[in-house]
Every structure is written in structure tokens, then in C-alpha cells.
Protein chains: 2
Amino acid sequence: MLPHTIKVACSNCNLRELCMPMQLDQQELERIDEVVATRKSIKRGASLFRSGEKFTSLYAIRTGFFKTTVATDDGREQVTGFQMAGEIIGLDGIVSDKHSCDAVALEDAEVCVMPFDRLEELSREVNALQHHVHKIMSREIVREHGVMLLLGSMRAEERVAAFLLNLVKRLHARGFSRSELVLRMTREEIGSYLGLKLETVSRTFSKFGDDGIVEVKQRHLRILDADALQRIVNPQVCH
Amino acid sequence: MLPHTIKVACSNCNLRELCMPMQLDQQELERIDEVVATRKSIKRGASLFRSGEKFTSLYAIRTGFFKTTVATDDGREQVTGFQMAGEIIGLDGIVSDKHSCDAVALEDAEVCVMPFDRLEELSREVNALQHHVHKIMSREIVREHGVMLLLGSMRAEERVAAFLLNLVKRLHARGFSRSELVLRMTREEIGSYLGLKLETVSRTFSKFGDDGIVEVKQRHLRILDADALQRIVNPQVCH
DNA sequence: CGGTATATTGACTTCATTCAATGCCAGTGG
DNA sequence: CCACTGGCATTGAATGAAGTCAATATACCG
């Protein structure tokens, strides 16, 4: 059983619309292919990079699901995000040439490795790529603003509702159901991301279940009333 | 009294080490000068840009002090950061060509306006500038990771202590005292940034005062025991 | 000098945490 | 195939940290 030599090529990758949604001519597209040097598989539970390791590349997720975490000296850990197919991780490493967070696969995953010096080189020549890299970084900054808003000003139920809506929205953009999802992470990881304890996350799920807003069975989750979730996130102003 | 035409030039700006700390030859430096088109003054309380406005430029702060805020539909506001001389704001606008936060001057301020299309153009030609722009964005991402850690996993006293240490560190890097500072923002703004109510911020300051760690008189603050603050942020592990 | 912003402090409440017991499920080996 | 194990999830009861409401106090600005 000879393995095919998998052609690593953005030009015929079905995730391109998520990962590199730019107007490029054929020639430019082929040049982009040069940047994506290799792919890499990461087993569930293994890390793609760890805090302190030398930064060399950005990674585009092809399949699988990651969490990124930062930690304090005294061992507390904070989940800073959950990433899925088409999303880019590793941006934290650019500033100091070292990664400052861990990226751990929550299920078996495959990523495209994009050596950053090659990416910089090519984006000097392909304007659309240059701007795209800037947009990816800006998007991450804006995403984090949203998380700060969540952590700084929302109550537990609002946080959990916002989390679920965000997750299902991103899954739906990837062709999954808009109402059904499987949580790839534990209650503790959700809690860490949302600034809550795992018991609070569990209780909130149960409460949403009692209210008929969602159906929760361990990690299987069905959203029955997305509008209700939305109203929990954005309490209506009367008028 | 004829005003001097102020030469807008990074090449002889005393903030260069903060804002553009790169190895550049004289010729490159002069090209950078071209990017910084103009300066702009912002009165205390006025905004440099607002959420929804068209994005055109990044801004390097020359003097003064800013806060950036995001808001929910239902009017809740979250301070996402406080910025001072040498720091760059506006990165949030790149992704969608619109700003997604407000930048408000907390004291009379002056900024250098850097049209972003010019910046992209020039960074295709000056490698060091390209990499510097990437580092600035990455630094902002890492900073926000730190805020997420703070908001998600620290208690009120830890947050306030971390906030004070961070602020005084940045001020000291700009030549100010390592122990004395004037808070440019209200208790409410500090609270919003830290995910606390203004009363909690006030009480925590008072507690630190009672414990002899700081001396607080309204917005004037003197740090008496920085080590104690550090221990509050990072509770010592015994060994 | 007066009025408004901001800050401090106290008393009480509330929401989330903590601690603890129990339940559920997937994977492993007898 | 079933029993066992260990990790994960749920739920309850008690606690506690921060929030809320309210009453001053202080300072800043026109």
C-alpha cells in the first residue's frame, strides 16, 4: 500500500476560502503554495508548540481542534482560545521569537506549517498576501477584545451563552449543523476560557437544559432556542 | 508669534527607541519619515477614533494618555487598554477597514498619523519595518493574553496589584519614577479594565494603603513596597 | 465660590466558588 | 462479554468575595 505523496498546495485546498480568502491570480496562488512547506500531524493531547519554544512558523489548522493556554509562574492556567479548521495559530511568537502560549490538540489534528520568514519574504512581493497577514493578526486582536468584554463584564449565564453561540457559528461556517455540536473540550477547559469554575459551567448547562434552551448530554449539545441564547447575551433594552 | 513648521520626523524623534526600535541606516530612516504624514492633537476627553469609523491609519502616541474601549449593543462598556507615549493604537481597524473600538484621550495628547496603506507600501521595501509592524501586532496579541489571564483567573487584589506594577513599569521605561505615579483614569475606568466595580478598586487601594504597601491620595499614588505587590500577584509556592 | 465629578466607606445582598458526594461513560483486561 | 477503573460530569449545601445601594467626603473646574 504505497502512500500517495500528498500534494501540499493551497491552490487546491478546500479550506482556502477560510484560510486564504484573497483575490489571487494563478501565478500568485502557486507562489503561495511554496510557503506552505509541510504538514504536520498532532495526536490528541499532544502540543503543537509550547511556551518558551523558539518561534519559526505559523500554523494553519487543516483538521482537528486546538486550545491555546497561557500560564502564570505559580501554575495557574488560562485557556485563551479554541481553534478549528481554517484558523491560524502561532501569532504570539512573532514579537519575541519565542512562543508565549501552549497549543494543545483536543483531537487528532493536522496543520500546514508556514515558516514565518518565508511568509514575510513572499508578502513583500504579493500585496494581497501582505494585507491578508495583517488582517489575520488584526482579527485576532479584535477577537481578544471580545473575550475581554466577556470576561470583564458578563455574568456566568451570559458568558456560557456567548460561548455556545460563537462556537456553533464557527462550526456552521465550516458546514456543520447550526444547532448540534460536540464539545471537544472538558467543562474545566470551558470554565478556564470563560473565567468560571467547571461546576459553574456544568450548572449553567443544566439550567439551560431545564429552561428548554439546549439539550445537553455530556459533550453532545443541541441548541433548541438560539434566540433565547442571544437574548441572554444581549439583555433587551426596553423601549 | 509665527509658529514653527514642526518637522515631523522619526529620524530625530526622541521616542524612536520606544516606537521604532530598529536597526536602520540613515536612508531607510528618512524613508520612514515619509510615512508619518502628520501629527494630530486630541484634547482631553475627545476621541481619536470611534467604533464604526473608517480605518485609515495607525497612530503612534507622542504625548498624552489614552484608553481604548469596546461596547456591547446593550451599552455595557469594557476598557481594553490604557496607552501611553511610544505605543501604537488603531490595529483593531485593519481586519474590516473599520475601527471596532473607541480611543479616548485621558489627557491632552498628540499622535503621529501613519496612513496604513503607506505603511504597507514601505514595509514591502524595508524589511526591518515589515518585521517591526508584525512585532507590534504580535505584542498586542500577547498583551491581551495577559489581560485574559488576569480577568479569567485572578482575584480583585491580584488584579489591582498587577495593574499597578504594569503601569509603573511602563512609566519607568519612559523615564518616570519607579515608585510614584499619577493615575490618569478614574476608578471606574480602572474597574472596567480589571473587570471590577469602582467601589472594589477603591476598597483595594485603601486596603493596600492600610497594609503600608502603597500611599494613595486620590489619583496620586506612591508604591512603598513593590515586592509586596509582586507577591500578591504571584503567591509564593512553598518549597 | 459653588456645583458637579469623583472617591471613600459602610451595611447588606448575591452570585459564583468551594467542598463533597454521586453518577456516568469509555476503555481495558480478565 | 462483563467487571473494573479512572476521568469527567452532575448536583447539593455551605461559604465567601465582590457587587449593590446608599450616605458622605473630597477635589476639580468654570
Side-chain angles (χ1 to χ4, degrees), chain A residues 43-45 67 76-79 104 106-108 150-164 181-211 214-222 232 235, chain B residues 43-46 65 67 76-79 104 106-108 150-164 181-211 214-222 232 235:
Chain A
K43 284 270 159 221
R44 180 187 153 146
K67 68 169 177 181
R76 272 177 291 189
E77 195 176 89
Q78 172 74 24
V79 172
V104 176
L106 296 180
E107 58 181 2
D108 291 358
L150 179 144
L151 290 172
S153 75
M154 291 185 177
R155 301 173 332 94
E157 286 187 21
E158 298 172 328
R159 296 184 198 193
V160 175
F163 167 74
L164 289 178
L181 65 156
V182 176
L183 300 170
R184 248 69 240 210
M185 68 297 277
T186 66
R187 301 288 189 263
E188 186 167 21
E189 287 161 338
I190 298 171
S192 170
Y193 180 61
L194 298 178
L196 302 170
K197 293 294 152 182
L198 67 94
E199 294 93 332
T200 305
V201 174
S202 182
R203 272 187 249 275
T204 307
F205 280 163
S206 299
K207 166 106 177 12
F208 287 171
D210 295 346
D211 295 352
V214 299
E215 214 174 272
V216 191
K217 218 182 206 175
Q218 302 287 134
R219 297 199 180 183
H220 294 262
L221 214 138
R222 178 197 294 268
I232 289 169
Chain B
K43 284 273 161 216
R44 178 186 156 151
F65 201 92
K67 68 170 177 181
R76 272 177 291 189
E77 193 176 270
Q78 171 75 24
V79 172
V104 176
L106 296 181
E107 57 180 4
D108 291 358
L150 179 144
L151 290 172
S153 76
M154 291 187 178
R155 303 175 328 94
E157 287 188 19
E158 298 171 327
R159 295 183 199 194
V160 174
F163 168 74
L164 290 178
L181 65 156
V182 176
L183 299 171
R184 247 69 239 209
M185 68 297 278
T186 66
R187 301 289 188 265
E188 187 167 21
E189 287 161 338
I190 297 171
S192 170
Y193 180 62
L194 298 178
L196 301 170
K197 292 292 152 183
L198 66 93
E199 294 93 331
T200 306
V201 175
S202 182
R203 273 187 249 274
T204 307
F205 280 163
S206 299
K207 165 106 175 15
F208 287 172
D210 294 346
D211 295 351
V214 300
E215 214 174 273
V216 191
K217 219 183 204 174
Q218 301 287 135
R219 298 199 180 183
H220 293 263
L221 214 138
R222 179 198 295 267
I232 290 170

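A, B, ... follow the sequence lines: proteins, then strands. Residue 1 opens every chain.
By the side chain to side chain contact (heavy atoms under 4.5 Å, CB included) test, A:Glu158 is found to be paired with A:Met154, A:Arg155, A:Ile232, A:Pro235, B:Arg76, residues two or more places apart in sequence or in another chain being considered. With sequence neighbours left out, B:Glu189 forms a salt bridge (Lys or Arg N to Asp or Glu O under 4.0 Å) with B:Lys67. With sequence neighbours excluded, the residues forming a salt bridge (Lys or Arg N to Asp or Glu O under 4.0 Å) with B:Lys207 are B:Glu157, B:Asp211, listed by chain and number. Residues forming a ring pair (Phe, Tyr, Trp, His ring centres under 6.0 Å) with A:Tyr193 (at least two apart in sequence, or on another chain): A:Phe82. The side chain to side chain contact (heavy atoms under 4.5 Å, CB included) check on A:Glu107 picks up A:Phe65, A:Arg184, with sequence neighbours excluded. For the side chain to side chain contact (heavy atoms under 4.5 Å, CB included) test, no residue two or more places apart in sequence or in another chain qualifies with A:Gln218.
Contacts between residues 201-209 of chain B and DNA chain C, defined by a heavy-atom separation below 4.0 Å, involve B:Ser202, B:Arg203, B:Ser206, listed by number. Taken residue by residue, residues 182-197 of chain A places heavy atoms nearer than 4.0 Å to DNA chain C at A:Gly195, A:Leu196, A:Lys197.
At its two ends the helix from C:dT6-D:dA25 to C:dG30-D:dC1 runs along axes set 40° apart, each axis drawn from five pairs and the angle rounded to 10°.
Put simply, chain B comes within 4.0 Å of DNA chain D, heavy atom to any atom, from D:dA18 to D:dC29, going 5' to 3'. Taking a heavy-atom distance under 4.0 Å as the criterion, the stretch of DNA chain C touched by chain B extends 5' to 3' from C:dT6 to C:dA11.
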Please report, to 0.1 Å, the donor-acceptor pairs under 3.5 Å made by any side chain of residues 195-203 of chain A, with sequence neighbours excluded.
none

